[in-house]
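Encoded as structure tokens, the structure appears first; notes follow it.
Quick note: numbers below take in every heavy atom, side chains included, and nothing from hydrogens, waters or symmetry partners.
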Amino acid sequence: MSTSYAPAPPSDAPVTIPRNVLRLLALVDLSTAGRRVLDELLYLSDPDTGTTEISQNEMCTELGASKPTVNRGFRELRECGLAWGLEDGRYQLHPLLTGGVAFSPLTPVPQIKAADPERFAEQRRARYASQIANLTHTIN
């Protein structure tokens with residue numbers, strides 16, 4: 001028997017992200033899946049630890065997305081340094097997203113991999129051209 005339980009946020013306190021961090025997030029190349037997983041992790045984050053507890057199945061239910069899509073979102077967040085797994089179903093958000101809060105002061109914190117603002121538009125154009133080329137190749 002499957003359940004559609006989804007966790008509730010641990011607090012009603014607003015999640016506040018400074019403008020300079022929002023600017024940095026705009027330069028992180030995330031897919032829609034990655035951004036949706038990040039938004040859900042932020043929504044469910046514990047303000048005292050900067051962590052979120054949610055299983056893969058719960059995240060799929062919350063987002064109405066498939067497991068491969070959710071896995072891709074988690075992988076992107078880990079690869080760019082915005083969030084990473086501590087243990088099954090428990091994720092740490094980067095302290096820049098949590099006002100400096102982390103589960104443990106000993107938790108290693110990765111550098112966020114964001115694009116250089118001067119090259120971001122160029123990288124996006126190259127990615128778009130590559131996607132169009134792939135579409136053209138598959139159609140022919």
From Gln92 atom CD to Asp46 atom CG, the distance as rounded to the nearest 0.5 Å: 10.0 Å
Beyond-backbone contact of Leu38 with Leu82, side-chain heavy atoms, under 4.5 angstrom: yes
Shortest non-hydrogen contact from Leu24 toward Ala114: CD1-CB, 3.5 Å
Close side-chain approach of Leu97 and Leu25, heavy atoms under 4.5 Å: yes
Over all atoms of both residues, closest heavy-atom pair of Ser11 and Pro47: CB-CG, 3.7 Å
Pairwise ring pair (Phe, Tyr, Trp, His ring centres under 6.0 Å) hits with a residue in residues 35-82, at least two apart: Phe74-Tyr91
Separation of Thr52 OG1 from Arg90 CZ (nearest 0.5 Å): 9.5 Å
Main-chain N/O of Ile112 paired to His94 side chain as donor or acceptor, under 3.5 Å: no
Rounded distance [0.5 Å steps], SG in Cys80 versus CZ in Arg75: 11.5 Å
side-chain contact (heavy atoms from CB on, under 4.5 Å) assessment of Leu63 paired with Glu40: CA-CA 8 Å; Leu63 299 180; Glu40 191 66 21; 4.3 Å; yes
Minimum heavy-atom distance Ala8-Leu44, with the two atoms named: C-CD2, 3.8 Å
Members besides Phe103 in its Ile/Leu/Val/Met/Phe/Trp/Tyr cluster (side-chain heavy atoms under 4.5 Å): Trp84, Leu86, Val109
Shortest non-hydrogen separation from Gly34 to Leu77 and the atoms involved: O-CD2, 3.7 Å
Heavy-atom pair with the smallest gap, counting every atom of Arg72 and Ala33: NH2-CB, 3.8 Å
Least distance between heavy atoms, Gly50 atom then Val101 atom: N-CG1, 3.6 Å
Chi angles and distances behind the side-chain contact (heavy atoms from CB on, under 4.5 Å) call for Gln56, Lys67: CA-CA 7 Å; Gln56 180 189 46; Lys67 284 185 181 182; 3.6 Å; yes
All side-chain hydrogen bond (donor to acceptor under 3.5 Å, both in side chains) counterparts of Arg23, not counting sequence neighbours: none
CG-CD distance between Leu30 and Glu76, expressed to the nearest 0.5 angstrom: 5.5 Å
pair Leu96-Asn20: side-chain heavy atoms closer than 4.5 Å: no
Chi angles and distances behind the side-chain contact (heavy atoms from CB on, under 4.5 Å) call for Val37, Met59: CA-CA 8 Å; Val37 170; Met59 183 65 80; 4.0 Å; yes
SG on Cys60 to CG on Asn71, rounded to 0.5 Å: 7.0 Å
Leu42 CG to Thr16 OG1 distance, which is reported to the nearest 0.5 Å: 11.0 Å
Check: Val70 and Asn57 side chains under 4.5 Å, non-hydrogen atoms: no
